[in-house]
Engineer: 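Below: one structure in structure tokens.
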Amino acid sequence: MERWKRIQALMEAKRRGMEAHERYLNQARSYAPGEELYMREMHFVMAVGPSQSPTMSEIAKRLDVTHGAVSQIAARLEKKGLIRREKDPADRRQTVVMLTEAGQALYQRHLEYDKKQYQVIGGQLAEFSDEQLDFLIHYETLLCEMFQQVNQDPKKWEL
């Protein structure tokens, strides 16, 4: 097979994988009894952490999303009683986020949830050696950097 055809097949497989992952992200899950959340909401809770008070901007940076996306997620989580937003006493222009008691309990339960999920995923990837997994991590990192470059300067990638 010609190299460009092999790369085309690789990019097609990557596209299908990304679409499946996107569908996975967009399904609500029960991370704890009575707590249906979307994965992005759970990632927000994990980005805040149990003993931190990050700003909305810091959370956006940690999650690699826009400030607007963080504001929308924060509003939903605040309604659910999982976080609290307050003006930063050191800089009133900033808003800090803290987990409520319910949010802290969810954070702890999610650590166990993640551990079990990674064990299941590990079983699915059992045929890969540690070196092969390291190669896949390297591949994903390179693609991420490539797509970030394309997003920053699309004209550079035009023919």
Side-chain angles (χ1 to χ4, degrees), residues 1-29 31 37-78 82-83 85 88 90-91 93-99 103 106-159:
M1 179 185 290
E2 293 181 58
R3 184 161 176 86
W4 76 268
K5 286 245 184 216
R6 189 173 306 279
I7 290 171
Q8 180 185 36
L10 177 64
M11 291 295 98
E12 177 60 22
K14 176 67 176 173
R15 183 191 60 76
R16 286 191 314 271
M18 287 172 46
E19 288 173 353
H21 188 252
E22 186 68 23
R23 287 188 299 275
Y24 177 78
L25 289 175
N26 290 324
Q27 289 180 353
R29 289 180 175 63
Y31 289 103
L37 296 173
Y38 292 95
M39 190 176 286
R40 286 181 175 93
E41 293 171 328
M42 195 64 240
H43 286 169
F44 185 104
V45 169
M46 300 309 285
V48 172
S51 60
Q52 302 175 23
S53 297
T55 65
M56 295 287 280
S57 297
E58 290 168 337
I59 295 168
K61 188 172 184 174
R62 288 177 193 174
L63 298 176
D64 194 24
V65 297
T66 65
H67 194 276
V70 166
S71 294
Q72 290 177 8
I73 295 169
R76 288 193 304 267
L77 292 174
E78 199 165 35
L82 298 171
I83 66 161
R85 293 184 282 182
D88 185 346
D91 183 353
R93 297 171 296 168
Q94 295 285 336
T95 300
V96 294
V97 180
M98 292 139 295
L99 296 179
L106 179 63
Y107 177 93
Q108 293 302 323
R109 285 191 305 266
H110 185 68
L111 291 176
E112 279 303 310
Y113 177 94
D114 258 0
K115 183 178 177 182
K116 290 175 186 173
Q117 282 297 107
Y118 287 129
Q119 288 170 343
V120 169
I121 293 168
Q124 294 292 312
L125 299 175
E127 68 184 78
F128 294 98
S129 69
D130 288 348
E131 292 78 20
Q132 288 171 316
L133 290 175
D134 288 341
F135 179 80
L136 291 173
I137 293 167
H138 177 69
Y139 160 77
E140 290 293 332
T141 301
L142 285 176
L143 275 185
C144 181
E145 290 170 359
M146 181 186 76
F147 288 126
Q148 286 173 338
Q149 289 175 8
V150 169
N151 290 335
Q152 288 174 357
D153 189 3
K155 294 224 184 274
K156 180 179 176 183
W157 292 83
E158 290 179 4
L159 298 178

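Because the structure is a prediction, the values reported are computed rather than measured.
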Engineer: What distance separates Thr55 OG1 from Gln94 CD, expressed to the nearest 0.5 Å?
Structural biologist: 5.0 Å
Engineer: Just to verify, what does Asp134 make a side-chain hydrogen bond (donor to acceptor under 3.5 Å, both in side chains) with, not counting sequence neighbours?
Structural biologist: none
Engineer: Any non-hydrogen side-chain atom of Lys155 less than 4.5 Å from a side-chain atom of Asp153?
Structural biologist: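 Yes - at least one pair of side-chain heavy atoms lies under 4.5 Å apart.
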Engineer: Can you tell me if OH on Tyr24 sees more than 12 non-hydrogen neighbours from other groups inside 6.0 Å?
Structural biologist: yes
Engineer: State whether Lys5 and Glu2 are salt-bridged, where the test is any N-O pair (Lys NZ or Arg NE/NH1/NH2 against Asp/Glu carboxylate O) under 4.0 Å.
Structural biologist: no
Engineer: Suppose we screen for side-chain hydrogen bond (donor to acceptor under 3.5 Å, both in side chains). Which residues come up paired with Arg62, at least two apart in sequence or across chains?
Structural biologist: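 Arg62 satisfies side-chain hydrogen bond (donor to acceptor under 3.5 Å, both in side chains) with Gln52 once adjacent residues are dropped.
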Engineer: Do you know the tightest heavy-atom contact between Ala47 and Pro54?
Structural biologist: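 Shortest heavy-atom separation between Ala47 and Pro54 comes out as O-CG, 4.3 Å.
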Engineer: Can you sort out the partners of Asp91 under side-chain hydrogen bond (donor to acceptor under 3.5 Å, both in side chains), two or more places apart, ordered by chain and number?
Structural biologist: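 Testing Asp91 for side-chain hydrogen bond (donor to acceptor under 3.5 Å, both in side chains), a comparison that skips the adjacent residues, returns Arg93.
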Engineer: Between atom CG of Leu106 and atom CE of Met46, what is the distance when rounded to the nearest 0.5 Å?
Structural biologist: 8.5 Å
Engineer: Charged N to carboxylate O below 4.0 Å: is that the case for Lys116 and Glu112?
Structural biologist: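 No, Lys116 and Glu112 are not salt-bridged.
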Engineer: According to salt bridge (Lys or Arg N to Asp or Glu O under 4.0 Å), who are the partners of Arg29, at least two apart in sequence or on a separate chain?
Structural biologist: none
Engineer: With the side chain counted from C-beta on, respond yes when Glu140 and Lys14 share a heavy-atom pair under 4.5 Å apart, and no when they do not.
Structural biologist: yes
Engineer: With a 3.5 Å distance limit and no angle check, can you tell me whether Gln132 reaches the backbone of Ser129 through a side-chain donor-acceptor pair?
Structural biologist: yes
Engineer: Please state whether the rings of His138 and Phe135 are parallel, tilted or perpendicular, taking 30° and 60° as the class boundaries.
Structural biologist: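 The arrangement is tilted - the two ring planes meet at 30° to 60°.
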Engineer: Would you say Leu99 and Leu82 make side-chain contact, with heavy atoms under 4.5 Å?
Structural biologist: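 When only atoms from C-beta onward are counted, Leu82 and Leu99 do not touch, as no gap falls below 4.5 Å.
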Engineer: Run the side-chain hydrogen bond (donor to acceptor under 3.5 Å, both in side chains) test against Glu22 and tell me which residues pass, sequence neighbours left out.
Structural biologist: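 Once residues adjacent in sequence are excluded, the partners of Glu22 under the side-chain hydrogen bond (donor to acceptor under 3.5 Å, both in side chains) criterion are Asn26, Arg40.
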Engineer: Can you confirm whether more than 12 heavy atoms, excluding those of Lys61, are under 6.0 Å from its NZ atom?
Structural biologist: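 Check fails, neighbour count at 12 or below.
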Engineer: With rounding to the nearest 0.5 Å, note down the distance linking CD1 in Ile59 to CD1 in Ile73.
Structural biologist: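 CD1 of Ile73 is found 9.5 Å from CD1 of Ile59.
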Engineer: Closest heavy-atom contact between Val97 and Phe44?
Structural biologist: CG1-CE2, 4.0 Å
Engineer: Pair Val70, Val65 - check side-chain contact (heavy atoms from CB on, under 4.5 Å), show working.
Structural biologist: CA-CA 7 Å; Val70 166; Val65 297; 3.5 Å; yes
Engineer: Could I get the full list of salt bridge (Lys or Arg N to Asp or Glu O under 4.0 Å) partners for Arg109, not counting sequence neighbours?
Structural biologist: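 Per chain and number, Arg109 pairs via salt bridge (Lys or Arg N to Asp or Glu O under 4.0 Å) with no residue.
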Engineer: I would like to know whether Tyr113 and His110 meet ring-ring contact (aromatic ring centres under 6.0 Å, His included); could you show each step before the answer?
Structural biologist: CA-CA 5 Å; Tyr113 177 94; His110 185 68; 5.4 Å; yes
Engineer: To the nearest 0.5 Å, what is the distance between CD on Gln149 and SG on Cys144?
Structural biologist: 10.5 Å
Engineer: To the nearest 0.5 angstrom, please state how far the NE2 atom of His67 sits from the CD atom of Gln72.
Structural biologist: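 Spacing of NE2 (His67) from CD (Gln72) equals 12.0 Å.
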Engineer: Going through the checks in order, is the side-chain contact (heavy atoms from CB on, under 4.5 Å) test met by Phe147 and Leu142?
Structural biologist: CA-CA 9 Å; Phe147 288 126; Leu142 285 176; over 6 Å; no
Engineer: Of all the heavy-atom pairs spanning Arg85 and Ser71, show the shortest one and how long it is.
Structural biologist: NH1-O, 3.9 Å
Engineer: In terms of heavy-atom contacts, does CD of Gln124 have more than 12 from other residues, nucleotides or ligands at under 6.0 Å?
Structural biologist: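 Result for CD/Gln124: open.
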Engineer: Does any part of the side chain of Arg15, heavy atoms only, come nearer than 4.5 Å to the side chain of Met11, both counted from C-beta?
Structural biologist: no
Engineer: So, taking the atom named CZ in Arg76 and the one named CD1 in Ile83, what distance separates them when rounded to the nearest 0.5 Å?
Structural biologist: 10.5 Å
Engineer: Which atom pair, heavy atoms only, marks the closest approach of Glu41 to Leu77?
Structural biologist: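 Minimum heavy-atom separation between Glu41 and Leu77: O-CD1, 3.7 Å.
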Engineer: Looking at every heavy atom in both Gly49 and Tyr107, which two are closest together, and how far apart are they?
Structural biologist: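 Taking Gly49 first and Tyr107 second, the nearest heavy atoms are CA-CE1, 3.7 Å.
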